[in-house]
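Since the structure comes first, as structure tokens, the remarks are kept for the end.
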Number of protein chains: 4
Amino acid sequence: MQAVDRPKLEKRDLEEAAERLKNWGKWGPDDELGTLNYTAPDDIVKAAQLVRKGKVFSLALNLDNKGPQAGKTKFPPVGRFNPVHTMLRTGTDAYSGVLDVRGIRSADDLVILPSQCATHWDGLGHIFYGDHMWNGYDCRTVSSFGAAKAGIEKTKEKMVGRGVLLDVARFAGVERLPDGFAITNDMLTACEAAQGTSVGRGDYLLIRTGQIESHLASGNWDGYPGGDAPGLAFETLDWLQAKEIAALATDTWGVEVRPNESVEGINQPWHWICIPIMGLTMGEIFKLDELAKDCDGDKTYDFMFVAPALPVTGAVGSAVNPLAIR
Amino acid sequence: MQAVDRPKLEKRDLEEAAERLKNWGKWGPDDELGTLNYTAPDDIVKAAQLVRKGKVFSLALNLDNKGPQAGKTKFPPVGRFNPVHTMLRTGTDAYSGVLDVRGIRSADDLVILPSQCATHWDGLGHIFYGDHMWNGYDCRTVSSFGAAKAGIEKTKEKMVGRGVLLDVARFAGVERLPDGFAITNDMLTACEAAQGTSVGRGDYLLIRTGQIESHLASGNWDGYPGGDAPGLAFETLDWLQAKEIAALATDTWGVEVRPNESVEGINQPWHWICIPIMGLTMGEIFKLDELAKDCDGDKTYDFMFVAPALPVTGAVGSAVNPLAIR
Amino acid sequence: MQAVDRPKLEKRDLEEAAERLKNWGKWGPDDELGTLNYTAPDDIVKAAQLVRKGKVFSLALNLDNKGPQAGKTKFPPVGRFNPVHTMLRTGTDAYSGVLDVRGIRSADDLVILPSQCATHWDGLGHIFYGDHMWNGYDCRTVSSFGAAKAGIEKTKEKMVGRGVLLDVARFAGVERLPDGFAITNDMLTACEAAQGTSVGRGDYLLIRTGQIESHLASGNWDGYPGGDAPGLAFETLDWLQAKEIAALATDTWGVEVRPNESVEGINQPWHWICIPIMGLTMGEIFKLDELAKDCDGDKTYDFMFVAPALPVTGAVGSAVNPLAIR
Amino acid sequence: MQAVDRPKLEKRDLEEAAERLKNWGKWGPDDELGTLNYTAPDDIVKAAQLVRKGKVFSLALNLDNKGPQAGKTKFPPVGRFNPVHTMLRTGTDAYSGVLDVRGIRSADDLVILPSQCATHWDGLGHIFYGDHMWNGYDCRTVSSFGAAKAGIEKTKEKMVGRGVLLDVARFAGVERLPDGFAITNDMLTACEAAQGTSVGRGDYLLIRTGQIESHLASGNWDGYPGGDAPGLAFETLDWLQAKEIAALATDTWGVEVRPNESVEGINQPWHWICIPIMGLTMGEIFKLDELAKDCDGDKTYDFMFVAPALPVTGAVGSAVNPLAIR
């Protein structure tokens, strides 16, 4: 199983893709949600009907200093680090009697949390194409004051719908797809067919490569953040556009295949188009193994998906504890 | 409508309540979830069937510097402050061309987030009774290293079930219950009856006092954090225990009535029992107005409730974006 | 004693001042220190000789949640807040025995510190004139990655020299100069003469208005950050330039008089010129009362001044504990 | 050159040392400064007279993400991490025009700073002996609310005096002393004699091992934090007590020799006595190479030393930019 060899993507290829896939204005000039608009109320009703066993799967890594940001990287993270958790009051304070003056013994805590350090949503303010962001807004809309448009808080009543898992690793018969492996449109279609699943309008699509599991097994994140990885080929942008999905997520650091399919100087070409041009919200570093096992067990690959972002005003992403409910 | 006058609660009353309501060991000596255990898979399946309109209500305040911690308080917060959001890269960096050396124009952010600064879950490590926490664990289990037992990350696949709203303010015919107003067992029962709602085993109970709405309307939080408030009477602990709910939340800072019903020196007596003795997780600062309006509109007060905590390892609480899905 | 009425400063006035006072290139094209260069080794030797009593005065406010950022403001701070101090380990942990597994009982802490929240240096990357910063560097040199030029760490072996206090409040015979009071060149010269002090090349000039003391006395910071204040007139830029001082600091939030002398739309006109055009480092929120009392006591207004910035790489300012040593 | 073999220190040895070296009450029952009291005003006057060349040496590492906390460690740091610097406003915001609505183009920043992550002072609240801290205060005095006694802010007018360098590495004729090398009393005395330096009452003593320089040269901090290191022998406590120094600092992570001279279960035995029993403030991770070169150049090993802590209320340590002024 080999990714097809293709000429490397150049700026021109991205420009063509941007022209072809541009959704600006599709939901009006003031839209801040992009493809999250695809999910209709009726889709949510139907998604809820997929809950048949009452099982809940968290797709989140725990947030602590053992997270992915400790890994060595070729593409330095620029400010991301593992979350810092500190206590503001403790049970040892309680034991020591120092809290009794307050008439109650309680603990409290504080988290210093780079939005994208572990399992997270990339919001629509996360990536720019030239001087523009989603819907054609000027990129300066995202300043040090935060994102005045399309902040993650705008999604606070979204991120609910039908979840669909495409378990590409299992379909390919491997524990994990190798680094550099590009998942093509044909492969996605074949995986759909093999699973008997149909990805549809307004769905939340989860794609499993197995990559994260090998890092979790070894306890070593070297190479995971910003490193080589299996992931989506550039051409999948068209496939995803046609499917009209609400959002997608993978178990990798950056969804798309790395090394990228592009010439030097263009990093994460799929991102250039996906977020600012198509308005497609994406999730990264999702832990899909347990869900995948359960889906394989009953050969059913869809479920109710609920993954509410923290509504941090003006944020361009959010840590999240995404739930698949079956 | 007046709260009944009662003698003030003394230490002895709390001890009796602790004896009467203690759930330690009920789910085994190693339990870290408490009443969250009440929700069975079948309850989740039934909860999903309550999704009939496909409407999603976020019960969270946005996380920003306009939050409740800016309010003046009689009971100083000890370390809580409004969340701080800063950018790690911006669209103005993009516009300025300084990101192009990375081959991608992206923004990123960071949040400094006291777990309990806005809409949040109190985890089972949040309150101690004497030298013990939930299930009889030693309170020293929660040290500066975090909560070694019953950290909020243990709930990562919980917080899903049937939500029930008791709209006590609307039942009482007022926009908001007055500060100091104690909601009694009789009132909860009468509200249930008036609404035609039945609170049951494994439910997530939401109680609306209307207090938060007056602060949101005025844009002034003075008196909200740690101040006087309507809230649950101490006696409701027995009512809640009998109902076997999974968790509850209100639209106030601290769930229980303030000034408290207790003698001086005992602050938040209801908390003393609820969390460490009963193992009942609670939510605070939930925004219930929109949900309440919708429930009133169709005279249906239950819904699917999904409110996953961020799995911060060893945290005693979590900011949350709770969703009611109808 | 009244400030002279003048026509309001317009953009044109600032442009003229920029032309007249521009020090770009004066210390070479690669300079990152500006007027800090004025202090010669011999000045430091002489400054040390001013130490005659062995008394040390800290000019810093303590860093805690009672600081100036709690004050109400007309000019919102954009991200500054009082410092947050949290413990990473405590004596209550020690008492509780939970540290003994480490073989040592220790406490540790963490500070979340906006550089300019209390007593601080404004570095040369703090203010821009049009699209330029100090020495003509492009303002984009200060991006989300920090200040690539003239970061505060470059000053790590500076901030040592002769300190001179001009106690303008005492000279004017008032406890504090009133808000809106503009200190003119004539007043500075007259104060020098009255004190028998001469401000010279390479000096660190401290100017006392008395404003901070009234806030410290009342414990209320309302109006201090970004509010009206006594301070330097715009014309003092020329006076300071002629004196060739190394740096200056005041006991106000922003050194210059507020309301500003400028037309609407130009905020802090003196800053526009001082930092980016002249390369003059400045200190704000210095606590000068004790030092001033001592200077008045022996009618000697100069001393050794040592105020090392924390060398945070790429920072545009730094909290500081400035010392006057007499 | 070999450290003498000694039986390993047991709890009993520490108890004897504690009895022998206890300074509790020496400066009154309310003292919060310990040996910093030794420096008299006259010592400061004399220290200033050591400034003969007007040269300033910063002994601080820059504060950034390349600091020592990135190094692998045998003794995990429990919450320390390299400082995080983020921008609150930038020159790219300025260039983008988004600041012009404020009438001024400015940048600002924020630091998240574990007090002891790089060059720092250990305050007197940092280490406990049993249930006590310096001067016999109960260790519970340092709770999650900070250090109510002997917080680092109490030193804000200290940390000024005569500095003395003992360049033990140079004396021993090596670039750096090897890990595990214990510097004994005899060695300190011999080094004094060889240098022609006399350590005296109220001095700030700096001891150079050369260790930090090898890490700076390689850019790799593995093994530096919490790892093996040259350092002071336990017996030096008596030598330092006899000298009546104000404070001391080294270029290592933890001053004392590692592996420690103690039996398993006693970590950093020298610390057990130095801070809580003797009240001796200490500095760690000081960069001494440039200063040492200059001292060697003119064979003069004393200088004016000014190293003001940031006055963070209730902190048990502080990042610092220590200056040696010659």
Heavy-atom pairs under 4.5 Å with chain A, option from [options] with the top count:
options                                : value
B/Ile275, B/Ile44, B/Leu63             : B/Leu63
B/Leu323, B/Asp122, B/Ile266, B/Thr119 : B/Leu323
B/Val101, B/Val160, B/Thr90, B/Asp138  : B/Thr90
B/Gly103, B/Gly146, B/Pro83            : B/Gly103
B/Gly151, B/Pro308, B/Ala319           : B/Pro308
B/Ile325, B/Thr86, B/Leu50             : B/Ile325

**Request:** Kindly give the heavy-atom pair with the smallest separation between A/Tyr95 and B/Cys139, and that separation in Å.
**Result:**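 Heavy atoms only, the tightest pair is CB-SG, 3.7 Å.
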**Item:** Sequence neighbours excluded, every pair satisfying salt bridge (Lys or Arg N to Asp or Glu O under 4.0 Å) that has a member inside residues 314-326 of chain B
**Value:**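 Every salt bridge (Lys or Arg N to Asp or Glu O under 4.0 Å) pair that includes a residue of residues 314-326 of chain B, provided the two are not neighbours, is B/Asp294-B/Arg326, B/Asp298-B/Arg326.
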**Request:** Kindly say whether A/Lys156 contributes a backbone atom to a donor-acceptor pair with the side chain of B/Asn321 at under 3.5 angstrom?
**Result:**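 At least one qualifying donor-acceptor pair exists.
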Heavy-atom pairs under 4.5 Å with chain B are the metric here; pick the option from [options] that has the most.
options                               : result
A/Thr92, A/Ile104, A/Asp100           : A/Ile104
A/Asp43, A/Leu99, A/Val45, A/Ile127   : A/Val45
A/Ala48, A/Gly125, A/Cys117           : A/Ala48
A/His85, A/Glu153, A/Met304           : A/His85
A/Ala118, A/Gly314, A/Ser96, A/Pro276 : A/Gly314

Student check: side-chain heavy atoms of [X] and [Y] closer than 4.5 Å:
X        : Y        : result
B/Val312 : A/Leu113 : no
A/Val142 : B/Met87  : yes
B/Leu310 : A/Val111 : no

With rounding to the nearest 0.5 angstrom, report the [atom1] to [atom2] distance, [X] to [Y].
X        : Y        : atom1 : atom2 : answer
B/Ser144 : A/Asp93  : OG    : CG    : 7.0 Å
A/Asn267 : B/Arg105 : CG    : CZ    : 14.0 Å
B/Glu157 : A/Leu59  : CD    : CG    : 8.5 Å
B/Thr313 : A/Lys66  : OG1   : NZ    : 7.0 Å

Report which part of [X] has an atom under 4.5 Å of a heavy atom belonging to chain B: side chain, backbone, both, or neither.
X        : result
A/His126 : both
A/Val320 : backbone
A/Leu61  : backbone
A/Ala47  : neither
A/Arg140 : both

**Request:** Using side chain to side chain contact (heavy atoms under 4.5 Å, CB included) as the criterion, list what pairs up with A/Ile112, not counting sequence neighbours.
**Result:**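 Expected list: A/Phe81, A/Val84, B/Leu110, B/Ile112, C/Leu110, C/Ile112, D/Ile112.
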**Asked** Can you name the side chain to side chain contact (heavy atoms under 4.5 Å, CB included) partners of B/Glu256, sequence neighbours left out?
**Response**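 Partners of B/Glu256 by the side chain to side chain contact (heavy atoms under 4.5 Å, CB included) criterion, ordered by chain and then number, come out as B/Asn260, B/Gln268, B/Pro269, B/Trp270, B/His271.
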**Message:** What residues of residues 129-136 of chain A make heavy-atom contacts with chain B at a cutoff under 4.5 angstrom?
**Reply:**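 Against chain B, the residues of residues 129-136 of chain A that fall inside the cut-off (heavy atoms, under 4.5 Å) are A/Gly130, A/Asp131.
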